[in-house]
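Below is one structure, written out as structure tokens, with a few remarks after it.
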Amino acid sequence: EAGVVQSPRYKIIEKKQPVAFWCNPISGHNTLYWYRQNLGQGPELLIRYENEEAVDDSQLPKDRFSAERLKGVDSTLKIQPAELGDSAVYLCASSLYGGGETQYFGPGTRLLVL
Amino acid sequence: KQEVTQIPAALSVPEGENLVLNCSFTDSAIYNLQWFRQDPGKGLTSLLLIQSSQREQTSGRLNASLDKSSGRSTLYIAASQPGDSATYLCAVGSGANSKLTFGKGITLSVRP
């Protein structure tokens with residue numbers, strides 16, 4: 001069974017440019033998470049979806065970040081415009097349901113903003 | 001606000017040694033606790049999940065314990081191998097949706 005798929009794996013952009021990340025969760029998993037991991041830190045939750053509904057986006061910087069999971073399957077996270085401080089690894093994870101079950105992580109997208 | 005601490009930040013041991021990685025958290029009202037492994041440039045791999053009602057979980061050479069009252073968890077690795085070299089992260093699930101709060105991780109190096 002395929003794991004969580006993310007693309008691209010690496011992205012280098014100049015500040016003020018837009019960027020988008022894509023995630024396809026494990027088949028059948030209802031809950032999808034986007035995390036940001038800064039160097040030397042643990043991941044921090046940006047947004048959590050239950051099917052197509054964003055049920056926790058309290059940590060998402062809504063002035064420049066947006067996300068969608070239109071059909072309750074794959075998801076896209078967008079940054080517009082990107083800032084230098086957005087350089088990080090963006091991780092997607094999924095779980096069968098959101099009730100404290102094991103989360104399965106993708107390989108992440110490494111973003112460098114110049 | 002839940003805070004998770006993992007000390008030390010890095011650890012180097014010779015192959016074959018049994019070792020313990022520590023994790024502490026500030027709010028004992030947790031739903032569960034997970035230990036993850038992260039290899040350089042990779043995502044996280046779940047190792048063990050302990051529900052709040054459990055005291056420990058075992059998988060192969062790994063054993064994780066949970067003491068909610070003292071706000072601590074330990075990950076025990078038996079007979080360490082060079083392939084165990086990675087960063088180990090502890091994550092505490094708390095709140096209605098079991099939101100995970102991660103520690104910064106412990107980078108383990110097992111010398112041949």
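In what follows, chains are A, B, ... by sequence order, proteins preceding strands, each numbered from 1.
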Per-residue contact mode, A:E101 against chain B (heavy atom under 4.5 angstrom)
backbone
Applying a strict 4.5 Å limit to non-hydrogen atoms, the region of A:S95 in contact with chain B is neither
Please tell me whether B:L100 and B:W35 are part of a single hydrophobic cluster in this structure, the criterion being side-chain heavy atoms less than 4.5 Å apart.
no
Quick one: does B:Y88's side chain get under 4.5 Å of B:I77's, heavy atoms only?
yes
Is there a side-chain contact between A:T31 and A:S94 (heavy atoms, below 4.5 Å)?
no
Looking at side-chain heavy atoms only, is the closest gap between B:L62 and B:Q57 below 4.5 Å?
no
Which answer fits A:Y35, side chain, backbone, both or neither, if we ask what part of it has an atom under 4.5 Å from a heavy atom of chain B?
side chain
Quick check on the structure: residues of residues 102-112 of chain B within a heavy-atom distance below 4.5 Å of chain A, by number.
B:F102, B:G103, B:K104
When every non-hydrogen atom of A:P18 is compared with those of A:I13, the smallest separation belongs to O-CD1, 4.3 Å
With respect to chain A, which residue among B:L49, B:T45, B:L89 yields the maximal number of heavy-atom pairs within a distance under 4.5 Å?
B:L49
Do A:R69 and A:L32 touch side chain to side chain, with heavy atoms closer than 4.5 Å?
yes
Taking the six-membered ring where the residue is Trp, are the ring centres of A:Y104 and A:H29 under 6.0 Å apart?
yes
Taking the side chain as C-beta and beyond, is there a heavy-atom pair between A:T102 and B:F36 under 4.5 Å?
no
